[in-house]
Amino acid sequence: MAKEPIKEELLQSISYKAPKTFWMDTPAQIKPGMFCWGAKAKSLNVVGMPNARDWNPLDEDWKLPENWQEILIEGLRERLDKYRSLRLFLDICVRCGACADKCHFYIGTGDPKNMPVVRGELMRSIYRKYFTTPGKVFGKLAGARELDLQVLKEWWTYFFQCTECRRCSVFCPYGIDHAEITIAGRELLNLLGLNIEWIQGPVSNCYMKGNHLGLEPQTIVSNVEFMVDDIETLTGIRINPTFNRKGAEILFVTPSGDLFADPGTYTCMGYLMLFHELGLDYTWSTYASEGGNFGFFTSNEMAKRLNSKIYAEAKRLGVKWILGGECGHMWRLVHQYMDTWNGPAGFLEVPKSPITGTVFDNAKSTKMTHIIEFTADLIKHGKLKLDPSRNDHLKVTFHDSCNTARGMGVFEEPRHVLKNICRNFYEMPRETIKEQTFCCGSGSGLNAGEDMELRLRGGLARANAVKYVHDKHGVNMLANICAIDRASLTTSMNYWVPGVTVAGVHELVANALVMTGEKKRETDLRGEPLPAPEDQTSVSARAVAQPEGEKAGGEANV
Amino acid sequence: MPTIDFQGKQIELDEDGYLVNLGDWVPELATVLAERDGMTLTEAHWEVINFLRDYYAKYQIAPMIKILVKEIAKSMGPEKGNTKYLYQLYPAGPAKQACLYAGLPKPTGCV
């Protein structure tokens with residue numbers, strides 16, 4: 001586990017001065033705290049990835065196949081033919097630099113190779129050398145260079161210092177999506193067995209057991225039962241969720257983090273309570289038990305393989321449609337990729353809310369709806385009895401997940417929900433939300449422990465915007481609709497903005513949800529006492545359950 | 001891959017110090033792993049380790065921290081059934097440190 005850097009030192013170390021040497025002559029430095037461990041032989045083997053062996057990124061020798069250059073160039077050739085977007089994005093960049101300071105990794109590291117334009121040049125220079133006439137003839141003068149080991153290590157370093165968040169693409173006058181370049185770069189690195197273990201481990205778990213964490217069916221059931229017990233203590237209501245039930249109307253799939261780790265478990269309790277109150281005819285699956293898809297951070301082919309299990313399970317159970325939990329990248333790939341992988345899912349029906357009758361036409365082809373759309377629709381139709389005063393101890397802001405916001409345009413649904421379930425809602429500055437949202441800093445499978453410095457640097461831009469509303473309005477709750485956000489923002493807030501807690505929106509929905517036959521609620525879902533009616537205007541931040549030493553700034557009375 | 005000398009054998013560890021082969025674990029190895037961090041395992045530490053191992057045998061993963069807290073409360077009394085108590089025992093975090101000594105793999109994914 002990498003040691004956490006000291007905050008002041010980290011901030012002072014960020015310099016936006018470019019190195020003196022030309023970028024091609026400045027080799028990448030692989031520094032502890034800034035990279036993830038290499039994929040293990042056993043994880044690579046499970047899904048039949050090439051060059052499966054244990055290797056250490058810090059070693060000189062990465063145990064590559066002898067003809068690795070040939071493999072990479074041929075791999076690039078194949079992808080240039082297959083993905084017209086990639087060829088286009090490599091061809092049309094004029095290096096205007098509009099994207100340069102839009103990347104959270106550039107903001108947090110000051111490393112010019114984290115400017116999206118330069119990260120793109122890492123691949124463009126190779127593309128020019130091997131696939132364009134000027135590059136072949138004029139070499140470096142035309143921005144081309146040979147593919148050597150130094151270039152390969154540079155690719156590995158920087159394609160795993162990009163979270164594929166696509167903020168840069170919003171500002172590009174040509175609409176170049178640099179995430180597509182990172183995605184292609186990672187695919188190519190995977191041809192040489194150069195994935196990171198934090199991605200490859202979950203991929204192999206998901207392939208073998210149906211979810212990233214490797215939760216066995218009995219573990220999923222036991223964890224959900226544990227939450228059901230807690231819900232009973234809280235509300236006096238016993239919920240009886242079903243698993244792998246054939247003939248249910250809806251299959252519910254959420255990231256496995258929600259079934260295992262705080263604060264996702266509170267979000268999960270929120271789903272359970274909401275579905276119970278609605279009397280929803282739904283089932284959990286212990287096989288398709290992962291909403292996320294770390295295969296997407298590996299290669300399109302791997303993403304397709306992992307995505308297919310959700311549809312196979314929907315078919316096996318004979319459900320009508322699929323409801324997805326609070327996940328980010330699940331939705332980018334369901335809405336933008338899934339149709340050409342495993343779709344269209346003709347055997348399912350277009351999602352239709354059994355409560356309001358709303359037909360989700362936007363999911364006509366994929367048959368999968370994000371729970372935030374589902375819940376926003378419920379509230380719009382007045383189908384939920386809500387007591388927002390039960391969230392009066394919270395001053396809430398909303399972090400748009402890159403993938404739901406930029407990937408599918410979900411801007412208003414979470415806000416509509418939040419404004420109905422809590423009475424203190426504050427937006428972060430305009431240039432840091434909605435389509436311009438800043439990444440949590442740890443997306444695309446970079447939320448490991450060993451790259452903590454990288455994560456904290458990458459999380460700085462988002463944290464800075466949270467700090468702004470924390471200082472100005474006393475915001476103490478950062479709501480979101482993504483499991484990676486719930487995990488990574490918790491770490492980032494503890495470091496950058498202590499006193500701000502992180503929660504999935506459905507945790508806050510369940511706090512406010514008045515359930516039929518419930519007993520008087522004494523606490524919120526986390527067991528924290530609810531504000532007494534007379535102090536509902538004063539707000540005090542709750543300290544999350546953690547050791548004393550980490551609680552600094554945990555109280556923020558306004 | 002790093003290794004540790006134990007009873008005349010080389011035991012393989014991953015980069016973060018977790019056992020590569022979970023079958024290598026014996027109680028004495030937990031003591032050795034803890035000593036590397038300058039820790040002496042007391043009965044209270046063992047209570048957690050034993051619970052983790054029993055849980056792992058049944059569920060193939062470390063328990064949610066909430067489950068651990070509840071179990072410790074049951075066996076050792078409500079005053080010890082809290083995260084603070086567990087962090088006192090295992091300052092680097094019960095999930096990470098106790099699992100490491102107990103010979104469990106570290107969890108991965110959106111966590």
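Protein chains get the first letters and strands the later ones, always in sequence-line order, with residue 1 at the start of each. If you're wondering where the values come from, they're calculated on a predicted model, not measured in any experiment.
- The two residues A/Ala510 and A/Gly270 come nearest to each other via the heavy atoms CB-CA, 3.5 Å.
- Under a cut-off of 6.0 angstrom, the local environment of CD in B/Glu28 is crowded, with over 12 non-hydrogen atoms contributed by other residues, nucleotides or ligands.
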- Item | Stepwise salt bridge (charged side-chain N to carboxylate O under 4.0 Å, His left out) check, A/Glu290 with A/Lys209 | CA-CA 10 Å; A/Glu290 180 61 64; A/Lys209 299 186 180 178; over 6 Å; no

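- Under 4.0 Å is where a charged nitrogen must lie from a carboxylate oxygen, and between A/Arg332 and A/Glu164 no such pair does.
- At a 4.5 Å heavy-atom cutoff, A/Asn211 makes no contact with chain B through either its backbone or its side chain.
- Counting heavy-atom pairs closer than 4.5 Å to chain B, the top-ranked of the candidates A/Ile220, A/Asp485, A/Thr265 is A/Thr265.
- For a residue to count as touching a neighbouring chain, one of its non-hydrogen atoms must lie under 4.5 Å from one of that chain's; by this rule A/Asp59 does not touch chain B.
- A/Asn205 places a side-chain N or O within 3.5 Å of a backbone atom of A/His212 that can act as its donor or acceptor partner.
- Taking the six-membered ring where the residue is Trp, A/Trp331 and A/His370 present tilted rings, their angle falling between 30° and 60°.
- A/Asn223 touches chain B through backbone and side chain together, each having a heavy atom under 4.5 Å away.
- Contact annotation for A/Leu259: only backbone heavy atoms (N, CA, C, O) come within less than 4.5 Å of a heavy atom of chain B.
- A donor-acceptor pair shorter than 3.5 Å can be found between the side chains of B/Asp37 and B/Tyr101.
- Counting heavy-atom pairs under 4.5 Å between each of A/Glu197, A/Lys42, A/Lys40 and chain B puts A/Lys40 at the top.
- The contact list for residues 42-79 of chain B toward chain A, using heavy atoms and a distance under 4.5 Å, reads B/Tyr55, B/Lys58, B/Tyr59, B/Gln60, B/Ile61, B/Ala62, B/Pro63, B/Met64, B/Ile65, B/Lys66, B/Ile67, B/Lys70 by residue number.
- Side-chain contact between A/Arg486 and A/Glu326: present, with at least one pair of heavy atoms (C-beta onward) separated by less than 4.5 Å.
- With sequence neighbours excluded, no residue forms a salt bridge (Lys or Arg N to Asp or Glu O under 4.0 Å) with B/Lys80.
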